[in-house]
Amino acid sequence: MNKKPSQSLAQELDRYITPFRYDGSGKFHLKAHKTDEKGDLDKEKALALLEANKKRLTEFQEKLYAQDRWSLLIVFQAMDAGGKDSAIKAIFEGINPQGCEVHAFKAPSSKELDHDFLWRHVIALPERGHIGIFNRSHYEECLVTRVHPELLAKEKLPQKLVTKSIWKDRFEDISAFERYLCRNGTVVLKFFLNVSKDEQRERFLDRLEDPSKQWKFSMDDIKERALWPRYQAVYQDIVRHTATSHAPWYVVPADHKWFARVVIGSVINAALEKLDLRFPRADKASREEFEQVRKALEKEGKGKR
């Protein structure tokens, strides 16, 4: 890939990265982050950037897979209808499926409840050279279980460990876990798709009208929507306490899906570009072996003429 165009594009895309990055320094208030931000883009320009980002991502992934040193963990969190599924589909279209896995974490199974809350996420971590996508994640254990305390009771924790500081403890555990991953070659990117309540309402109505989307809807969605203020408060707490320099949060304006995808794709490409990924170079012994193979194949070809 030509280096100059890459650097030029990276600089251009920074305006869609830095404003939405929070690394724990300074104060954080979720209400201060707009959900309908569009930057300086219209939909047509955004789609062009999305295509450019997909092309770069395909090139980076090929090198990531071949180099087999780094891995990438991408975490998506959002309210219902926040656009996680469609963002994953749009941004990773064309990616080699051999090097990318998506895990959608739903309600934990009985087996998962017999382990610590991070266990099912640990066993789903990406291998070196791979991209792992968590569609909902370990943060659900500080979100849904906090909004619905009855779910925490199902986790079979010794009662004396369920204290007033349990959420603070989990924030510390998660931050330590993510620091451990970064120290071992896993780049952690965390996205909160920040959608407005009005936009969620419109998307729910669209699902009800579209037969191909009705399967996504349930009455539980409406029950959870009634708890909107509580979820927003907990999300603010999560971002505020688990954003770090090595694993920052990106609070992505999600009312316009096309803009959200530009932000997400730009962040991912910028992170991969910093790794200075390269195809492995063959050593001297391998090159000598390749030369022998080449001569043997050429000789085989001459024998058939």
Side-chain angles (χ1 to χ4, degrees), residues 22-24 28 69-80 82 84-85 88 99-193 224 230-231 233-251 267-268 271:
Y22 179 66
D23 64 2
F28 176 80
R69 290 291 181 271
W70 296 92
S71 58
L72 180 63
L73 175 62
I74 301 172
V75 171
F76 285 103
Q77 289 288 153
M79 295 293 288
D80 292 325
K84 301 186 304 301
D85 293 355
I88 292 169
C100 183
E101 288 185 271
V102 181
H103 296 274
F105 292 100
K106 301 183 184 296
S109 66
S110 58
K111 180 178 180 179
E112 289 167 342
L113 288 171
D114 274 332
H115 291 270
D116 62 273
F117 79 92
L118 283 174
W119 179 79
R120 64 175 180 159
H121 307 286
V122 171
I123 62 175
L125 288 171
E127 303 171 29
R128 295 196 188 279
H130 287 231
I131 297 173
I133 301 169
F134 284 3
N135 186 343
R136 299 192 185 278
S137 68
H138 41 289
Y139 284 100
E140 293 292 296
E141 299 300 333
C142 300
L143 178 72
V144 179
T145 50
R146 193 169 177 182
V147 176
H148 297 283
E150 68 276 13
L151 298 178
L152 182 63
K154 294 181 179 180
E155 295 188 357
K156 304 180 183 180
L157 284 168
Q159 192 57 44
K160 70 176 185 179
L161 298 182
V162 184
T163 67
K164 291 182 179 179
S165 67
I166 189 170
W167 307 118
K168 177 176 176 291
D169 294 343
R170 287 196 171 185
F171 291 153
E172 290 178 356
D173 292 339
I174 287 173
S175 293
F177 170 60
E178 292 174 349
R179 183 174 64 247
Y180 166 80
L181 292 179
C182 292
R183 286 174 173 173
N184 284 274
T186 298
V187 177
V188 181
L189 300 178
K190 304 183 297 193
F191 298 99
F192 171 56
L193 276 59
E224 296 302 289
R230 178 62 176 153
Y231 272 107
V234 175
Y235 263 125
Q236 176 172 276
D237 215 28
I238 286 172
V239 173
R240 185 179 287 170
H241 287 92
T242 62
T244 60
S245 58
H246 54 269
W249 275 100
Y250 293 90
V251 182
V267 171
I268 294 170

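None of these values were measured; they are calculated from a predicted model.
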Apply side-chain contact (heavy atoms from CB on, under 4.5 Å) to L157 and L152, showing your working. CA-CA 8 Å; L157 284 168; L152 182 63; 4.2 Å; yes
Looking only at heavy atoms, the pair that brings K190 and V188 closest together is CG-CG1, 3.9 Å
Value rounded to 0.5 Å, distance of CD1 in I268 from CZ in F191: 4.5 Å
Would a distance-only check, ignoring hydrogens and angles, find a side-chain to backbone donor-acceptor pair under 3.5 Å from Q77 to S137? yes
Distance-minimising heavy-atom pair for R128 and S71: CA-CB, 4.0 Å
Any donor-acceptor N or O pair under 3.5 Å, side chains E224, H148: yes
State whether E155 and R170 are salt-bridged, where the test is any N-O pair (Lys NZ or Arg NE/NH1/NH2 against Asp/Glu carboxylate O) under 4.0 Å. yes
Taking all heavy atoms of N135 and all of V102, pick out the closest pair and write down the distance. CB-CG1, 4.5 Å
Counting only N and O atoms by type, is there a donor-acceptor contact under 3.5 Å from the side chain of Y235 to the main-chain atoms of A78? yes
Closest heavy-atom pair and its distance - L181, L73: CD1-CD2, 4.0 Å
If we check salt bridge (Lys or Arg N to Asp or Glu O under 4.0 Å) with E112, which of these qualifies: R120, K106, K154? R120
With a 4.0 Å cut-off on N to O distance, would you call E172 and K168 a salt bridge? yes
Flag side-chain contact, heavy atom, 4.5 Å: F28 against V251: yes
Does P126 reach the side chain of L72, with side-chain heavy atoms less than 4.5 Å apart? no
Take atom CD of Q236 as the centre, draw a 6.0 Å sphere, and report whether it contains more than 12 heavy atoms from other residues, nucleotides or ligands. yes
Spatial distance of atom CG (L189) from atom CH2 (W249) [nearest 0.5 Å]: 11.0 Å
If you round to the nearest 0.5 Å, how far is CZ of R146 from OH of Y231? 12.5 Å
Check ion pair D237-R230 (N to O, under 4.0 angstrom): no
Interatomic spacing from CG in L161 to CG in D169 - rounded to 0.5 Å: 9.0 Å
Measuring from I88:CD1 to C100:SG, what's the distance to the nearest 0.5 Å? 9.0 Å
Going from OG1 on T244 to CZ on R179, what distance comes out if it is rounded to the nearest 0.5 angstrom? 8.5 Å
Around atom CZ of R69, are there more than 12 heavy atoms from other residues, nucleotides or ligands closer than 6.0 Å? no
Could you give all pairs that pass the ring pair (Phe, Tyr, Trp, His ring centres under 6.0 Å) test and reach residues 159-178, with sequence neighbours left out? H138-F177, F171-H241
For F105, run the ring-ring contact (aromatic ring centres under 6.0 Å, His included) check against W119, F134, F76, Y139 and tell me which one passes. F134
Any idea which heavy atoms bring C142 and I238 closest together, and the distance? O-CD1, 3.9 Å
Of the non-hydrogen atoms in H246 and C182, which two are nearest, and what is the gap between them? O-SG, 3.5 Å
